[in-house]
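For reference, the structure is listed below as C-alpha cells.
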2 protein chains.
Amino acid sequence: MVSRRITIVDVARHAGVSTTAVSKVLRNAYGASPEMQAKVRAAIQELGYRPSAAARGLRGQTYTIGVLLPDLRNPFFADILDGIAERLGGTDYQVLMASSGNDQQGEARLTEAMIDRSMDGVVLIAPVASPRRLQSVARTVPTVVVGRHGHSPDYDTVTDDDFSGAALVVDHLVGLGHRRIAHIEHLETDAVRLREMPNARRADGYRHAMRAHGLGDQIDIAATSYTREGGYAGARELLSREPRPTAIFAGADIVAMGVFDALAEAGLSAPADVSLAGYDDTTFASFGPISLTTVDQAGHQMGGQAARLLLERIGDRGRPTSQVRLSPALVTRGTTAAPGAGP
Amino acid sequence: MVSRRITIVDVARHAGVSTTAVSKVLRNAYGASPEMQAKVRAAIQELGYRPSAAARGLRGQTYTIGVLLPDLRNPFFADILDGIAERLGGTDYQVLMASSGNDQQGEARLTEAMIDRSMDGVVLIAPVASPRRLQSVARTVPTVVVGRHGHSPDYDTVTDDDFSGAALVVDHLVGLGHRRIAHIEHLETDAVRLREMPNARRADGYRHAMRAHGLGDQIDIAATSYTREGGYAGARELLSREPRPTAIFAGADIVAMGVFDALAEAGLSAPADVSLAGYDDTTFASFGPISLTTVDQAGHQMGGQAARLLLERIGDRGRPTSQVRLSPALVTRGTTAAPGAGP
DNA sequence: CTGAAAGCGCTAACAA
DNA sequence: TTGTTAGCGCTTTCAG
C-alpha cells in the first residue's frame, strides 16, 4: 500500500496554522511572521513535505527553467549550461534540458512541451525557429535567446560578436602568411537565419575580413553543418580543391574535429600541411594532442548572463528587453602556423 | 492584455461534447466513438488547444520522462540519450534531462525535482545514490537504472558486462606482449558502490584478468575520476612510476582523453611510448588523429532498452523487474601496439 | 499579520 | 457510449 502524499494541508495542521500561511512560507511571500515561518519550516522538515510542482503550476510558478540545446555532442553547450547552472544555484529554480537535434520541427515540439509544462522561463540556445515563432514563444513564456542575433521587444538575447570573431581568425592566418584560407560553415538558406544565426555571421565575418585583406578572390566556403560529420564532409570538399587551401577556418570546434578526421584519412596533419582554426574554445580545443587554435566566446559567461536576464524577466515581464553582446578572443594554439612550415 | 488560456472546456463547448469526452480523446482512452473523436480533434485543431501538463499531472500523467545523467561532457551519455529518444519518438512522452555533475547531493536534488514535477518515469544513468535511496525513488516513480549493477524488486536495470569488458582489454594488451599494464579508475570508497558501479566492476575485471594472466604482481591502479581531469591526473601518476607502465587501460574514453593530455605534456605518444585503451567507444574514440582502442558498450542500445523497460513499467508498475545485460565488444584501433614498438 | 474559500485545468468515478 | 461531478494540491483574492 502506497502511503498518501503529504500535502500542504498536513503541514498546516501539523504546524497549527492555515494552508495560506504554509503557502506564503513556501514562496517566501510577504506577510508571515518569523515565528510562523519557523513553525511552518519545522513542520515541513518533520513531515518531509515536498511541494507538488504540478499543483503549484496550476496557479503560480513551477520553479522550472527549460533549456533547449541544439546538440548534445557539441561540447560548447556544456559550457553554457555550466554558466546557467552556476547562476541558478542557490535559487529555487531547477534546470531541465532538452535537445532538439538542430531540427526545426523537433525544436518546435520541445518549446511547446516546455510551455505545456508551465515552465517559468526558457533559454533557447541557437534556435532555428523563425522570428515569428520565437516572438510567439516569448510572449507565452519569459524567454532568453542565446547565440542568435536579431532583436525583439519580447525576448532578451545573449550573443557573441561572431562577425569580429571570424575576423580575428582571418587576421591571424593572414598574419602568418596564408592567402588561400577556406571556411566551413553551417549551410543556411533561410533569409532571416542568414541574418541572425551565429554561423552565418561568422561566414560574413570571414568574407568581409578576406576582402579587407585584398583576398576577396580567395574566398572559398564549404557549406555543410556544424557537426563533426559536417566538418569531415567540408574538409574533404576543400582538400580536393586545386590548389588546395593552406588554411581552413572551421566555424566551430566540433567542425574542426571533423576536419581532423578528414586530414587523418588523407594522411595530412595540421599545421604541417594545412593550418586549422576552430571556434568556441571548447574543452576539446585544449585537448593535448590537438591543441586547436580557436576563438573563445566564453560560453560560461554567456550562460550566466542568460540566466541573469531570464530571472530578471521572470521578475518583471514588462521590462524592456536587453541585448548582451560578448566579445570573442583569439586563442592561439598549435594548429596554425606559417604556410609550408611543414616538417 | 494576455488572452485567456484555451482549456478543455473551450474545446468541449466548441465540439459540442462534454469535457470528459475531450479528456478521453486526449488520452486515447476507451469509450469514445470515432465521430466524437473526429469532432474533438477538429475542435482541438481549430482552437489550437494544448493540454496543460500541470493540470494533467494533478490527476493523471504528465507524459514526461526524466533522464538524469552524471556529466554533460562525457560523450557516451549522448549515445544513451539517442537510444532513449529514438525509442520514445512516436509516443506522447517527452524527455527532459538534468545533469547532476556526478555529485551525490546534486543527484538527490535532481531526482527529487523530477518527482516533484510528477514525471511519469525516470531513467537514472550511473547514479551514485545508495541502494536505499534508489529503492525509495523507484517506489515513488517508475525507474530504470542504467549502467549500475545490483538488482532490486523496484527498478529495472540495463547494464554492460563491465567485468568482461575490462578483461577484453587486458587480454588484448597481454596478447600484444604487454605485462606492465596499469589502470585508471574512478575512485570509489563506498562498499555498495564498490559492488555496483560500472567503474568498480571494470577495475575488478582488470584485476581478475591480470591475475588470470599471471600478472597479479603487475597490478597498478590510479584511482581518480571518470573525467578528463581524472585521466590527466591518473596518467601523471602512472607515468612517474619506475619502471613506467607500457600500457594504460583508462576506465572510460573521457579518461583516455585526459591521458592524452598528460602524454602530450610529457612529450610521449600512443602507442609509440605507451599503449592506451579506453572504454565506451564514444564518437571521440573514432576521432581520426586519436583512433583509440576501446570497448564498445552500445550506448545507443542501452538507451533503447532503458526506454522500453520504462514504458513497460509505466504500463504496469506491478510487473517483476528485469535486468538487461549487454555484452561489450573490443574495438581495436591505433593506440595499442606491441610494447617498445615505438619509432 | 492571519485565515477562509474559491478556483487553476484536468481526470476519474459514477450515473445515465 | 456519453455526461455530471468531485476532487488533485496549491495559490490567490478577500475578509478579519
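Values below: all heavy atoms of this structure, side chains included; hydrogens, waters and symmetry mates excluded. Owing to the predicted nature of the structure, the values given are computational and were not obtained by experimental measurement. Residue numbering restarts at 1 for every chain, and letters A, B, ... go by the order of the sequence lines.
Nearest heavy atom pair, residue B:Arg148 against residue B:Pro131, reads NH2-CD, 3.7 Å. The minimum heavy-atom distance linking B:Ser23 with B:Ile8 is given by the pair N-CD1, 3.8 Å.
Using a 4.0 Å cut-off between a side-chain N of Lys or Arg and a carboxylate O of Asp or Glu, B:Arg313 and B:Asp120 do not qualify as a salt bridge.
The salt bridge (Lys or Arg N to Asp or Glu O under 4.0 Å) search around B:Arg195 returns none, not counting sequence neighbours.
The closest side-chain donor-acceptor pair between B:Gln323 and B:Tyr155, if any, does not fall under 3.5 angstrom. Using modelled atom types, one finds a donor on one side chain and an acceptor on the other under 3.5 Å when comparing A:Gln37 with A:Arg41.
With B:Glu188 contributing its side chain and B:Met197 its backbone, the two residues share no donor-acceptor pair below 3.5 Å.
The footprint of chain A on DNA chain D, defined by a heavy-atom cutoff below 4.0 Å, extends from D:dG9 to D:dT12.
Among the heavy atoms of the strands, none lies under 4.0 Å from A:Ala29.
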Sequence-aligned protein contact record of nucleotides 8-16 of chain C, with B where the base is within under 4.0 Å of a protein heavy atom and S where only the sugar-phosphate is: BBBBBB---

- request: Apply salt bridge (charged side-chain N to carboxylate O under 4.0 Å, His left out) to A:Glu35 and A:Lys39, showing your working.
  value: CA-CA 6 Å; A:Glu35 312 109 68; A:Lys39 273 195 296 188; over 6 Å; no

